[in-house]
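First comes the structure, then the notes that go with it.
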Amino acid sequence: MNDEYKTPGNNEAAENKMVDDAFQHLLDTYLASRHRKKVDIITKAFHFARQAHKGVRRLSGEPYIMHPIAVAQIACEEMGLGSTSICAALLHDVVEDTDYTIEDIENIFGKKIAQIVDGLTKISGGIFGEQASAQAENFKKLLLTMSDDIRVILIKICDRLHNMRTLASQPANKQYKIAGETLYIYAPLANRLGLNKIKTELENLSFKFEHPDAYAAIERKLATTQMQRDTLFKEFTDPIRASLDKMGFHYEIKARVKSPYSIWSKMQKKHVTFEEIYDILAVRIIFVPKERKDEINECFQIYVAISQIYKSHPDRLRDWLNHPKANGYQALHVTLMSKQGQWIEVQIRSDRMDEIAEQGFAAHWKYKEGGEYTEDEGELNDWLSTIKEILDDPQPDAMDFLDAIKLNLFASEIFVFTPKGEIKTMPAGCTALDFAFQIHTFLGSHCIGAKVNHKLVPLSHKLQSGDQVEILSSPAQHVQPSWINFVTTAKAKSKIQSILHKERREIQRQGEEALRHWLDDNGIEYNNSVVDRICDLHDLQKHESLFFALGDKSIILGDHDLAELRKEQRSASRVSGWKRLVPFIGKEKKSEKKEDEKIEKLVVGEKFDKKRAVIISEDTIGKFVFPHCCHPIPGDDILGYIDNQNHIEIHKRACPVASKLKASYGNRLVDARWSMHKQLFFDAIIEIRGIDRKGLLRDVSDILSDQLGINIHKLTIGSDNGIFDGSIELRVHDRDEVSIIIENLKKVKDLQEVNQIM
């Protein structure tokens with residue numbers, strides 16, 4: 001009998017066995033851990049969830065209960081969490097998807113599990129809502145619930161990881177939404193919590209669904225270069241092994257290969273090919289310390305031993321031992337020159353440090369006495385207080401809030417010292433003014449400069465790790481609008497905006513008062529039409545702009561204004577109708593023009609199917625909007641976004657604007673595909689750079705015009721001290737043509753860099 005014709009009984013028996021086996025695997029993993037064994041409550045949660053989700057299936061067709069079991073398995077096996085988290089993971093969708101309430105969960109499983117399930121339910125509620133900025137608002141909610149129990153967010157990350165692993169069953173537009181949201185929110189969050197392994201997998205899965213061809217190409221190249229890396233690894237590590245054996249260490253040495261997403265990101269940022277990335281291989285030394293309390297010294301002993309074998313790079317020693325990252329990461333990074341003439345990074349860490357590097361805060365708890373874990377970690381409290389600070393003074397726009405969170409929490413940290421030697425952790429790239437606002441708002445708002453390492457520097461000076469900073473202030477100093485351009489922390493930005501807004505309102509109030517007095521003194525009644533006329537006289541659009549200009553004395557009303565207003569009053573009866581008519585006619589014309597445009601563009605109606613891909617061909621291309629942010633051309637991975645006018649914008653999937661849209665307006669995304677036949681031309685810009693020589697430009701134009709028959713639209717070139725750089729604007733049919741052009745130009749003698757810019 002074929003599989004398709006199995007009896008329902010057989011199907012049910014097979015499914016029950018699959019569910020039982022998955023749960024047994026979860027129990028076996030849990031029993032092998034260091035946690036206090038509470039099998040009864042986990043079994044009870046499993047049976048409860050199984051009954052609650054009975055008869056429900058996922059899009060993949062498997063019973064729904066397989067999802068909560070998988071989430072619990074990740075929490076247990078990959079994060080090292082205990083029974084409370086496992087129960088909450090098994091129950092995480094019960095309240096949202098069934099008739100059971102939080103009160104039911106509390107009565108059966110207790111307050112702690114109910115609190116975590118409640119937090120998870122609040123996060124999930126509305127994540128696919130139609131309102132704008134749903135995900136950003138949702139993220140804010142998620143962070144608020146973290147204050148109660150960190151496990152809420154850990155289990156949410158487990159849930160997202162399983163959703164990403166099973167994303168193939170979702171339609172394409174949902175794939176882009178979930179993948180984009182994962183890259184924008186969940187991968188950085190996992191990184192901030194030190195969940196390195198999970199962060200890497202989330203990034204790779206997002207990349208795989210957004211750019212399947214690029215992902216497959218990198219995977220192929222990694223496979224074909226595997227043998228070379230294995231040889232390099234063996235030759236590089238053999239002398240290190242001999243030295244460590246002699247020192248009596250118990251250790252293992254692992255090859256750490258850069259992930260496909262990291263490789264692709266570097267290719268995009270640096271405009272290089274796969275072959276030009278030299279740090280694909282790194283080496284990790286993980287040792288069991290002879291004395292646990294002496295593990296930091298032992299890391300340095302290993303460093304000294306290996307730096308006697310290979311020459312180390314003086315600027316690339318990273319000591320995360322004495323100053324761990326905020327996510328708890330500890331290791332010593334050193335870059336060594338191999339005998340093959342290649343720099344290789346070596347990461348030295350103990351077995352404990354390695355576990356924390358892979359599992360983050362979850363691994364901290366495993367080293368608590370008695371196997372129980374708490375949420376009282378010092379760094380965790382610092383992190384939550386940073387979040388609360390942002391939440392106390394949020395920006396009005398949800399996207400600003402999300403950017404502020406990313407700005408502060410996902411930036412790499414630097415360590416800065418106060419004049420008294422206290423260490424302050426600040427985001428990388430911060431300025432002296434950021435530091436002033438970090439200490440106190442009053443100090444920031446009256447800051448005139450700083451002394452960094454006892455040298456006078458301006459407010460905009462960027463701080464480096466290890467700087468000692470003394471802030472200089474003056475009561476006469478006031479917040480300047482230009483300050484917003486060189487602060488990076490959310491706290492400084494929001495405080496400066498708040499102070500400027502308050503000051504602007506006060507200046508506007510003074511300006512309006514001055515206007516009322518001036519009109520009163522000249523016997524003119526204060527009303528909107530009079531203010532409108534004065535705005536017209538000074539080319540200002542808004543009343544507020546006029547009030548501000550009057551308040552800060554950049555406009556002083558005089559005889560000319562008075563004469564114009566009097567003339568207006570004298571001809572009021574004749575002019576008033578005409579004055580009202582002119583703007584009205586203008587608006588009519590504008591709206592008629594917009595109506596014409598709407599006829600040309602595709603308008604998304606209620607019956608539009610978002611699950612079906614929109615096809616862009618020579619016949620349909622005019623129906624779509626192509627914004628200036630990324631200039632997609634045929635062959636690019638693209639998606640569609642339904643804008644506020646219900647038109648469909650086309651973006652590259654890798655476009656920075658599209659990244660925000662995926663994370664914040666996921667429900668407006670549609671899949672988009674090209675179906676072009678090399679009939680239309682598109683603009684592409686190629687940047688070239690190299691060593692200047694006679695005839696170089698002729699060689700470039702020969703390849704483009706004569707060999708490839710490409711139409712050069714514009715050529716800009718410059719030379720300085722024997723180095724030339726330039727850009728060529730070309731008309732091409734698709735991405736393949738761009739690749740052929742780049743490959744051919746790379747063959748030109750003395751042409752060092754050839755890149756396409758977005």
Side-chain angles (χ1 to χ4, degrees), residues 19 23 26 30 35-36 38-58 63-76 79 81-131 134-163 185-186 189 193 361-362 365 372-376 380 384 387-388 391:
V19 172
F23 179 63
L26 171 63
Y30 171 67
H35 290 283
R36 196 193 307 164
K38 294 182 181 176
V39 175
D40 291 349
I41 194 163
I42 293 174
T43 308
K44 189 176 171 184
F46 163 64
H47 288 304
F48 184 86
R50 188 180 198 170
Q51 183 59 38
H53 295 300
K54 193 173 182 182
V56 181
R57 294 184 179 277
R58 300 191 83 210
Y64 194 86
I65 186 65
M66 291 298 288
H67 169 64
I69 295 172
V71 174
Q73 183 71 38
I74 294 167
C76 179
M79 282 196 189
L81 302 180
S83 59
T84 306
S85 296
I86 292 168
C87 289
L90 287 167
L91 299 165
H92 80 272
D93 278 335
V94 166
V95 174
E96 191 184 350
D97 295 344
T98 74
D99 293 333
Y100 288 104
T101 64
I102 286 297
E103 288 71 26
D104 295 331
I105 304 290
E106 188 173 337
N107 291 335
I108 302 167
F109 297 99
K111 193 169 184 181
K112 179 46 74 180
I113 291 172
Q115 266 182 340
I116 299 171
V117 172
D118 188 33
L120 288 159
T121 307
K122 282 177 183 155
I123 292 168
S124 296
I127 191 156
F128 298 121
E130 290 296 328
Q131 69 275 33
Q135 283 78 2
E137 285 301 328
N138 186 60
F139 187 48
K140 185 172 169 183
K141 215 187 299 176
L142 178 148
L143 290 162
L144 281 163
T145 54
M146 276 179 66
S147 313
D148 299 328
D149 198 316
I150 186 68
R151 287 171 290 195
V152 170
I153 199 154
L154 291 172
I155 296 164
K156 185 64 197 171
I157 290 170
C158 296
D159 179 41
R160 176 50 59 118
L161 180 57
H162 186 245
N163 283 336
I185 294 174
Y186 290 95
L189 197 53
L193 286 166
F361 283 119
W365 302 331
E372 288 298 292
Y373 48 82
T374 63
E375 283 75 50
D376 301 328
L380 218 51
L384 289 174
I387 292 164
K388 282 177 184 151
L391 293 173

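When a residue number appears, it is its place in the shown sequence, counting from 1. These numbers come from a predicted model, not from an experiment.
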Identify, with sequence neighbours excluded, every residue that meets side-chain contact (heavy atoms from CB on, under 4.5 Å) alongside [X].
X: Glu106; value: Lys111, Ala114
X: Ala70; value: His162
X: Asn107; value: none
X: Thr101; value: Glu103, Asp104

Residue pair [X] / [Y]: nearest heavy atoms and the distance that separates them:
X: Ala88; Y: Ile155; value: CB-CD1, 3.7 Å
X: Cys87; Y: Ile113; value: CB-CD1, 3.6 Å
X: Ala89; Y: Val71; value: CB-CG1, 4.0 Å
X: Met79; Y: Leu154; value: CE-O, 3.3 Å

Run the side chain to side chain contact (heavy atoms under 4.5 Å, CB included) check on Val56 and Asp97 step by step: do they pass?
-> CA-CA 10 Å; Val56 181; Asp97 295 344; over 6 Å; no
Could you list the residues that satisfy side-chain hydrogen bond (donor to acceptor under 3.5 Å, both in side chains) with Arg57, not counting sequence neighbours?
-> Glu15
Could you list the residues that satisfy ring pair (Phe, Tyr, Trp, His ring centres under 6.0 Å) with Phe48, not counting sequence neighbours?
-> Tyr100, Phe109
Dump the intermediate steps for side chain to side chain contact (heavy atoms under 4.5 Å, CB included) on Ile105 and Val95, then the final yes or no.
-> CA-CA 8 Å; Ile105 304 290; Val95 174; 3.9 Å; yes
Distance in Å, [X] [atom1] paired with [Y] [atom2], rounded so as to fall on 0.5 Å steps:
X: His92; Y: Asp159; atom1: NE2; atom2: CG; result: 3.5 Å
X: Ser85; Y: Ile116; atom1: OG; atom2: CD1; result: 5.5 Å
X: Ile65; Y: Ile69; atom1: CD1; atom2: CD1; result: 5.0 Å
X: Leu120; Y: Glu96; atom1: CG; atom2: CD; result: 10.0 Å
X: Arg160; Y: Ile157; atom1: CZ; atom2: CD1; result: 10.5 Å
X: Phe46; Y: Leu90; atom1: CZ; atom2: CG; result: 8.0 Å

Step by step, would you call Met66 with Arg58 a side chain to side chain contact (heavy atoms under 4.5 Å, CB included)?
-> CA-CA 9 Å; Met66 291 298 288; Arg58 300 191 83 210; 5.6 Å; no
Are side-chain heavy atoms of Val152 and Gln115 found at a separation under 4.5 Å?
-> no
Quick one: are Leu161 and Tyr186 in side-chain contact, heavy atoms under 4.5 Å?
-> no
Spell out, as yes or no, whether a donor-acceptor pair under 3.5 Å connects the side chain of Tyr30 to the backbone of Lys38.
-> yes
